[in-house]
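Report on one structure; see the data block that follows.
Here the structure is a predicted model, which is why all the values come from computation and not from measurement. By convention in this document, chain letters (A, B, ...) are assigned in the order of the sequence lines, proteins followed by strands, and residues within each chain are numbered from 1.
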Protein chains: 2
Amino acid sequence: MVRKVTINDLAQAAGTSVTTVSQILNGKGDRFSSDTRKRVLNLKVEMNYVPDFNARNLIMKSAQTIGVLVPNVGNPFFSELIKGIQAIARENQFIPIIFSSNHDAELEKYYIEKLVERSVSGLIIASSASTSEVIDEILKPNNIQYLLIDENTVETGDTVETDDYYGGQLAAQHLIDLGHQKIAMMISDDLTNNLRRRLEGFKDSCLKNKTEIFQIEAPMTKKGGYEAVADLVNLSGVTAIFTINDEMAVGVYRGLWERNLKIPEDFSLIGYDGIEWGEYISPKLTTIKQPIVEMGKKSAEVLLNRINNPKVKKQTVNLPVELVVRESTQRIRK
Amino acid sequence: MVRKVTINDLAQAAGTSVTTVSQILNGKGDRFSSDTRKRVLNLKVEMNYVPDFNARNLIMKSAQTIGVLVPNVGNPFFSELIKGIQAIARENQFIPIIFSSNHDAELEKYYIEKLVERSVSGLIIASSASTSEVIDEILKPNNIQYLLIDENTVETGDTVETDDYYGGQLAAQHLIDLGHQKIAMMISDDLTNNLRRRLEGFKDSCLKNKTEIFQIEAPMTKKGGYEAVADLVNLSGVTAIFTINDEMAVGVYRGLWERNLKIPEDFSLIGYDGIEWGEYISPKLTTIKQPIVEMGKKSAEVLLNRINNPKVKKQTVNLPVELVVRESTQRIRK
DNA sequence: ACTATTTCCTAAAACCATTTACTAAATTAT
DNA sequence: ATAATTTAGTAAATGGTTTTAGGAAATAGT
């Protein structure tokens, strides 16, 4: 078995002390001759020296780690989000530890405990199975920073969100502008706060324009959207559909297709999120686009800022959403 | 900020030595009087003592962690895989740290170093930007176990794979059985070994049946598939398409749709992977299904087994693939 | 020529938990 | 009564890194 190369080995090889090596490798090497510096730097590569994280953090008292909790890595919204987080984390020499809780509150709690054990400096939570309980019971006592995505109900802790109410309005207004007067909304029966706002925006706009709305409840998955079509076709006079997220819309495409109903001729359909898949499905999905990668980036930035600076007051970042008109909506024909 | 409670504080409070405390807390406390044991155990809870992860791992040299490297978390194949890994890791009190390398060899190396730093016990690599180099330079010197998914070229290290050659044959045979005689294959120009085998299986079957094949090269993404359609329509007489993965097929759907070409009437299309999306796109995608979650589970199992048991000889797990006939292929009409 | 300041470098302490190798006292065996 | 064993405990070494405090040699200042 090969022993790991330590800073000691490197110092020995370079004919210098461990202090010197440590300083040079940590960018505090201006006090050393460029000769020594070069020698150390070269040997580092040559000997493939990698500092031991545990030893380093034991003394530095920071794990250079943030935890990320999402409900489902398989959902493109969250995988995009992760990309953004990962990018910023990397820039700051942090690593994200990602967990997918599958909407299971118990699993969520278990993973959060695991993360705390590992002294992560902070947590990004984009999953809300049991948020406020977890915060009070685990995060606060252990003095762990946290940031919630799309959830601004907790008084402490930073937030990154988009204007869901406005997004909902945007979606409704688009359908109304196209002349639709009876619209079905497909939503989950178990809404997080941002989804509730999204829905309210949608409803309020419809109400103001005297547009009739029908509510269909189903899980926010492809399968959920697919099955909801069974309810949809029982409604009479509906000409447009709003699904609370894009993934659900994909299921609706399939459900309608099986019944030989056409998008957008028989039903205009608008989704929400702006995942890449929406551009490849036919007809292309009209949607409200969230800046998903940007949300991930911003989340990591704000959290890391708080970690370095625990005393700044609660930050709330609001990012813009936008209507992206593609092919799945059209003007109603009488 | 409150200083963290250390084992020393706990020992002092209990009027005993750190050795005693350590032993008791690690279940090796049968050598101590039940009196001492109780005192320590109670104080642990009372003082909210949590052993420092870094200190512990520094000396134990195991972080109860495995690293997972995938090219792209956004690709459903890999997010499914991650689900399987996560499940088994959890059962074994291990934590997976997941990185998405985006096919960037440098990024891949960077993340592997990060993982080594943290003394992960093992690595699951489902990304092949620079595998053999990384293994020789980083993994071996640092004595880190590793398992490759769909890559069985390295002499050491375990492997989990499916029978790609057979899968390729299956795909070809299906199209041939339906009477297709001119088939386009869409593949990446930069193939990993398993993809190469997949392709060979496909080609060999076609060759044996005197079926003509046309090769179109494009990235293995939705966009790649979409753009490849431009080349496809220049080919004459082609009636069927094989895409090397399902995601690419999704792009082909779009490309054909835009040209008003129908699946399966104008082109039969078969993909490879069996991702969930294939069941929601219309017509449903015929594909070669890999047991993706199972692959993840098996990978974690084999790697963890090796970690506990470094001397067992190289293990290679081969999982079955299956043809799933859905709606995107049909018998050719003369 | 003598002191003051850089320049370049190092020894040793600190971080916290685990483990090894022991000791002293109490109990049991002969 | 003495030797052997068991019980209950601890001191000290260990792991790999960063940081503090300082030292010797070279250069600059007067």
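- Note on A:Phe53: nothing from the nucleic acid sits closer than 4.0 angstrom, heavy atoms only.
- Taking CG of A:Asp158 as the start and CG of A:Asn305 as the end, the distance is 8.0 Å to the nearest 0.5 Å.
- What separates CG of B:Leu58 from C1' of D:dG15 is a distance of 4 Å, to the nearest Å.
- Between the CD1 atom of B:Ile7 and the P atom of C:dT19 there is a distance of 11 Å, rounded to whole Å.
- In this structure, B:Arg56 does not pair ionically with B:Asp52, as no charged nitrogen and carboxylate oxygen lie closer than 4.0 Å.
- Between B:Leu81 and B:Val68 there is no side-chain heavy-atom pair separated by less than 4.5 Å.
- The distance between atom CG of A:Asn26 and atom P of D:dT17, rounded to the nearest whole Å, is 11 Å.
- For the pair A:Arg37 and A:Phe32, the cation-pi test (distance below 6.0 Å, angle within 45°) is failed.
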Practice task
Summarise how protein sits on nucleotides 6-14 of chain C as a single string, 5' to 3': B when a protein heavy atom is under 4.0 Å from the base, S for sugar-phosphate-only contact, - for no contact.
Solution key: --BBBBB-B
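- Phosphate contact (OP1/OP2 of D:dT18, side-chain N/O of A:Lys28, threshold under 4.0 Å): absent.
- Residue A:Ser22 has a polar side-chain atom (N or O) positioned under 4.0 Å from OP1 or OP2 of D:dT18.
- Following rounding to the nearest Å, A:Lys61 (NZ) and D:dT17 (C1') show an atom-to-atom distance of 14 Å.
- Remark: B:Glu91 engages no residue in a side chain to side chain donor-acceptor pair (under 3.5 Å) (not counting sequence neighbours).
- Heavy atoms of A:Asn54 sit nowhere under 4.0 angstrom from any nucleic acid atom.
- Ion pair B:Glu80/B:Lys83 flagged as a salt bridge, since at least one NZ, NE, NH1 or NH2 atom sits closer than 4.0 Å to an Asp/Glu carboxylate oxygen.
- Atom CG of A:Asp52 and atom C1' of D:dG16 are 6 Å apart (whole Å).
- For NZ of A:Lys297, the number of neighbouring non-hydrogen atoms (other residues, nucleotides, ligands) closer than 6.0 Å is 12 at most.
- Separating the CE atom of B:Met60 from the P atom of D:dT14 is a distance of 19 Å, rounded to the nearest angstrom.
- Atoms CD1 (B:Ile24) and P (D:dA8) sit 11 Å apart, rounded to a whole Å.
- No hydrogens or angles considered: a donor-acceptor pair under 3.5 Å links the side chains of B:Thr36 and B:Ser33.
- Using a 4.0 Å heavy-atom distance criterion, B:Asn57 is classed as making no nucleic acid contact.
- When the C1' atoms of four end pairs are superposed on the next four at each end of the helix from C:dA1-D:dT30 to C:dT30-D:dA1, using five pairs per end, the two resulting axes differ in direction by 50°, to 10°.
- Within the 4.0 Å cut-off from OP1 or OP2 of D:dG16, not a single side-chain nitrogen or oxygen of A:Tyr49 is found.
- In this structure, B:Arg56 does not reach the C:dC16 phosphate: none of its side-chain N or O atoms is under 4.0 Å from OP1 or OP2.
- Here B:Lys298 pairs with B:Glu301 in a salt bridge; the nearest charged N to carboxylate O distance falls below 4.0 Å.
- We find that CG of B:Leu10 is positioned 15 Å from C1' of C:dT18, with the value rounded to whole Å.
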Exercise for the section: Assess whether side-chain hydrogen bond (donor to acceptor under 3.5 Å, both in side chains) is satisfied between A:Ser62 and A:Gln64, documenting all intermediate values. Expected result: CA-CA 5 Å; A:Ser62 151; A:Gln64 299 283 101; 3.2 Å; yes
